[in-house]
Amino acid sequence: MNTWLKVNLGDAMLATGMLADLESHLARVYEEEGRPSTMLAVYRHESSDLHCSVMVYLSADFQRASSLDNATHCAMPAMSDSGFLAGNKASMKQ
């Protein structure tokens with residue numbers, strides 16, 4: 001999983017519902033795709049100046065299957081600072 005994309009869900013205090021909905025959607029996509037080892041989605045709380053935002057990071061295969069809006073290419077997130085969202089959880093240890 002060398003290629004990653006991210007989606008900003010916005011203010012952390014307002015993103016809880018969106019994150020829960022996204023988790024359900026991605027779990028369904030992962031199952032429909034046959035649970036491939038190349039799919040992983042994680043999330044992180046990231047601070048900037050005044051606000052804390054929830055960022056969702058997806059492997060390229062997950063983005064291809066889920067087609068999330070506003071996904072932009074990015075570097076691989078630090079797994080040690082990320083929460084599991086959906087996909088192959090074992091990939092977080094690599």
Side-chain angles (χ1 to χ4, degrees):
M1 287 183 275
N2 295 328
T3 303
W4 287 84
L5 295 100
K6 68 179 177 179
V7 176
N8 186 345
L9 296 185
D11 189 295
M13 295 185 66
L14 304 174
T16 304
M18 287 186 290
L19 189 61
D21 291 345
L22 187 55
E23 182 178 22
S24 294
H25 171 70
L26 292 176
R28 197 168 38 255
V29 168
Y30 181 62
E31 291 296 326
E32 289 170 358
E33 293 292 314
R35 305 180 71 178
S37 62
T38 57
M39 285 187 165
L40 177 62
V42 299
Y43 69 96
R44 297 181 61 192
H45 290 83
E46 297 183 0
S47 296
S48 64
D49 296 334
L50 301 173
H51 300 284
C52 180
S53 296
V54 175
M55 302 296 287
V56 172
Y57 292 86
L58 305 133
S59 63
D61 286 346
F62 227 143
Q63 174 58 17
R64 271 192 285 281
S66 61
S67 300
L68 298 183
D69 293 334
N70 303 320
T72 59
H73 286 274
C74 64
M76 180 180 175
M79 292 300 158
S80 61
D81 295 339
S82 299
F84 175 75
L85 193 57
N88 181 10
K89 193 170 189 174
S91 296
M92 289 184 73
K93 296 178 183 172
Q94 297 175 356

Nearest heavy-atom neighbours spanning C74 and L5: SG-C, 3.7 Å
N70 atom CG, over 12 foreign heavy atoms within 6.0 Å: no
Rounded distance [0.5 Å steps], CZ in R44 versus OG in S82: 5.0 Å
Non-hydrogen side-chain atoms of V56 and K6 separated by less than 4.5 Å: no
Distance in Å, E23 CD paired with Y30 OH, rounded so as to fall on 0.5 Å steps: 13.5 Å
CG-CG distance between N88 and D61, expressed to the nearest 0.5 angstrom: 11.5 Å
Chi angles and distances behind the side-chain contact (heavy atoms from CB on, under 4.5 Å) call for M55, V7: CA-CA 6 Å; M55 302 296 287; V7 176; over 6 Å; no
Side-chain heavy atoms of L68 within contact of H25, under 4.5 Å: yes
Exercise: identify the closest heavy-atom pair between L58 and Q63: CD1-OE1, 3.7 Å
Polar side-chain atom of S66 near backbone of L26 as donor-acceptor pair, under 3.5 Å: no
T38 side, atom OG1; F62 side, atom CZ - distance, nearest 0.5 Å: 9.5 Å
Closest heavy-atom pair and its distance - A65, M39: CB-CE, 3.4 Å
Considering all heavy atoms, the nearest M76-W4 contact: CG-NE1, 3.4 Å
Heavy-atom closest pair, residues L9 and M18: O-CE, 3.0 Å
Atom of A15, atom of G10 and distance for their closest heavy-atom approach: CB-O, 4.3 Å
Distance in Å, M13 CE paired with C52 SG, rounded so as to fall on 0.5 Å steps: 10.0 Å
Qualifying residues under side chain to side chain contact (heavy atoms under 4.5 Å, CB included), relative to L14, sequence neighbours excluded: D11
